[in-house]
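Structure record follows, encoded as structure tokens.
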Amino acid sequence: MTTELLQDKPAQATPRKVFLKTYGCQMNVYDSQRMGDALASEGYVQTETVEDADLVLLNTCHIREKAAEKVYSELGRLRKLKQEKSEAGRELLIGVAGCVAQAEGKEIIRRAPVVDLVIGPQTYHRLPRALEQARRGIKIVETEYAIEDKFEHLPVPDKKAVRARGVTAFLTVQEGCDKFCTFCVVPYTRGSEISRSVKQIVAEATRLAEGGVREITLLGQNVNAWHGEGIDGRSWGLGELLFRLAEIPGIARLRYTTSHPRDMDDALIAAHRDLDVLMPYLHLPVQSGSDRILKAMNRKHSHDDYLRLIERIRNARSDIAISGDFIVGFPGETDGDFEETMRIVREVGYAQAFSFKYSQRPGTPGAELGAQIAEDIKDERLQRLQALLVEQQQDFTHSMIGREIELLIEKPGRQAGQKVGRSPWLQPVIVDEKLGDIGEMTRVRISGAGFNSLFGEAI
Ligand code: SAH
Ligand code: SF4
Ligand code: F3S
């Protein structure tokens, strides 16, 4: 840092304000928090009101065309705001971060000249310096890959910030993807798979626990591809890591997401059997039930491989809830292929699921394939699939009624006198506020169900 920059700071009368908007997956949520932490140490405070901001950061998602295009409509709105502010003599810097930043780089500034800086998902620790430059009118594009660098310099929240974020937290343990599913941009936007060290992960989890966090969700694009050198000097996978994290005082619950079926090893399945703090919920996307389409997607497993895997997992932990992701209308998908997807859904029985129409992504092998599927066929298939998935999800929700379950109380409810906890299966449960303080575990009987949430009462 130059001396000039150091002299800048004391002159700052009121703190600068940043408005952070997050799109996409949980990893972006985690990254936005880290950007918030990096900016906090530069004196920025966060604001929920975009009009108050001196800096707007959009943390973007490139996964489907719609997600990527949202950013440009938001930038259109921000152009007006920046103009108004500038007329009033106030500064507004606009930054685009995340996967669109990585995928499109300087093209973003060409399409939306209102943008001052473009910063890829591996370069957030360089944010303060990039801002100084942007403030001098230099347009910044920082999209070099350096995930090791990111993990080395991850901004750390102070205890107050951890507390303010509540009793559940995300913790990235792995980033990037080497799977190259033919529909997906993630290997290009997040780079190749890299794991954080056990030491770093344990240190971060301990800090979170000391700040009052009771439940940690480990994150990775392929979280179960995480591997590292264990404290016993042996090579560890996610299963071993979970056992280590379970020893941290204060941690009552562990989860992880997102997993790839090919990386579910024996140790991880054993953790579901033997580790009480590991919650009985697994997000395990299959995408399609058709062997032909699975092959074209480069998923490297078959319909039956997936079913056998689910069976092994359920043998280890009978009450585990399975959640999934599905894509309809991948190039070449016939009615018969789609029926195979419907079949696998019926065979597995999902507690929760996300389903999407295939979106052609520039630079992916899928985009080059002929036999793209017409929009109306995709719509029709998606409707049928979602109807089945909603039915299964509703069945699962209603199967809770009358059961006694353990909750982690997470936050105040929307209505006075209520609090909201979460079941082991990720369902929000509304209870009387007297049933427990935020951060406490409590047992309740499920007395009723809404569409997405449950109601619990004292036992
Ligand atoms: N790493 C995770 C998921 C990444 S993206 C995994 O491997 O499961 C989240 C979901 O978005 C994917 O599971 C997939 O269902 C969906 N998705 C990814 N690319 C897509 C595309 N081009 N069109 C439609 N859906 C897509
Ligand atoms: Fe994308 Fe496939 Fe990697 Fe998941 S495993 S991030 S779907 S390429
Ligand atoms: Fe989207 Fe990037 Fe996550 S493309 S889903 S924000 S990894």
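For ligands, and for the atoms within them, numbers begin at 1 and follow the listed sequence. No hydrogens, no waters, no symmetry mates; every other heavy atom, side chains included, goes into these values.
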What protein heavy atom sits nearest [atom], and how far away is it?
| atom | answer |
| --- | --- |
| atom 1 (Fe) of ligand 3 | Cys61 SG, 2.3 Å |
| atom 6 (C) of ligand 1 | Thr258 CG2, 3.7 Å |
| atom 11 (O) of ligand 1 | Arg64 NH1, 3.1 Å |
| atom 7 (O) of ligand 1 | Arg299 NH1, 4.0 Å |
| atom 3 (Fe) of ligand 3 | Cys25 SG, 2.3 Å |
| atom 14 (C) of ligand 1 | Gln287 OE1, 3.3 Å |
| atom 18 (C) of ligand 1 | Ile63 CG1, 3.4 Å |
| atom 6 (S) of ligand 3 | Asn28 ND2, 3.3 Å |
| atom 4 (S) of ligand 3 | His62 N, 3.2 Å |

Can you find a side-chain donor-acceptor pair between [X] and [Y] that sits under 3.5 Å?
| X | Y | result |
| --- | --- | --- |
| Ser355 | Gln386 | yes |
| His303 | Glu347 | yes |
| Asn59 | Ser32 | yes |
| Glu175 | Gln122 | yes |

- Could you tell me which atoms of ligand 1, counted from 1 in the order shown, lie closer than 4.0 angstrom to a heavy atom of Arg361? 22 (N)
- State the atoms of ligand 1, each with its element, that fall below the 4.0 Å cut-off from a heavy-atom position in Tyr358. 23 (N), 24 (C)
Heavy-atom distances under 4.0 Å are what count here, so tell me which part of [X] touches ligand 1: side chain, backbone, both or neither.
| X | answer |
| --- | --- |
| Phe183 | both |
| Pro285 | side chain |
| Lys357 | backbone |

- Item | Proximal candidate to atom 22 (N) of ligand 1 [heavy atom criterion; set Cys25, Ser259, Ser359] | Ser359
- Query: With respect to atom 7 (S) of ligand 3, which of Met27, Gln221, Arg361 exhibits the smallest heavy-atom separation?
  - Reply: Gln221
- Message: Between Arg135 and Glu132, does any side-chain N to carboxylate O distance fall below 4.0 Å?
- Response: yes
- Quick one: do Asp37 and Arg34 make a salt bridge, cutoff under 4.0 Å?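 Salt bridge: yes.
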Over all atoms of both residues, closest heavy-atom pair of [X] and [Y]:
| X | Y | answer |
| --- | --- | --- |
| Pro187 | Phe180 | CB-CE2, 3.5 Å |
| Ala101 | Val96 | CB-O, 3.4 Å |
| Ile405 | Ser423 | CD1-CB, 3.6 Å |
| Phe151 | Ser195 | CE1-C, 4.2 Å |
| Lys150 | Arg190 | NZ-NH1, 4.0 Å |

- Message: Using a distance threshold of 2.8 Å, state whether an N, O or S atom of Cys99 lies below it from atom 2 (Fe) of ligand 3.
- Response: yes
- Query: Would you say Glu107 has more than 12 foreign heavy atoms packed within less than 6.0 Å of its CD?
  - Reply: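 More than 12 heavy atoms, drawn from other residues, nucleotides or ligands, come within 6.0 Å of this atom.
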- Query: Within the structure, does Gln221 bring an N/O atom to less than 3.5 angstrom of an N/O atom in ligand 1?
  - Reply: yes
- Message: For ligand 1 and Asp325, I'd like to know whether there is a polar contact (N/O to N/O, distance under 3.5 Å).
- Response: yes
- Message: Are Glu229 and Trp236 packed together at the side-chain level, in the sense that at least one heavy-atom pair is separated by less than 4.5 angstrom?
- Response: no
- Nearest protein heavy atom to atom 4 (C) of ligand 1: under 4.0 Å? no
- Message: Could you enumerate the protein N, O or S atoms under 2.8 Å from atom 2 (Fe) of ligand 2, written like residue then atom name?
- Response: Cys181 SG
- Phe243 ring center near His272 ring center (under 6.0 Å):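 Between Phe243 and His272, the centre distance exceeds or equals 6.0 Å.
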- Task: Establish, yes or no, whether a centroid distance under 6.0 Å links the rings of Tyr350 and Phe326.
- Result: yes
- Item | Passing candidate, side chain to side chain donor-acceptor pair (under 3.5 Å) with Ser323, options Gln352, Gln393, His283 |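 With Ser323 as partner, side chain to side chain donor-acceptor pair (under 3.5 Å) holds for just one option, His283.
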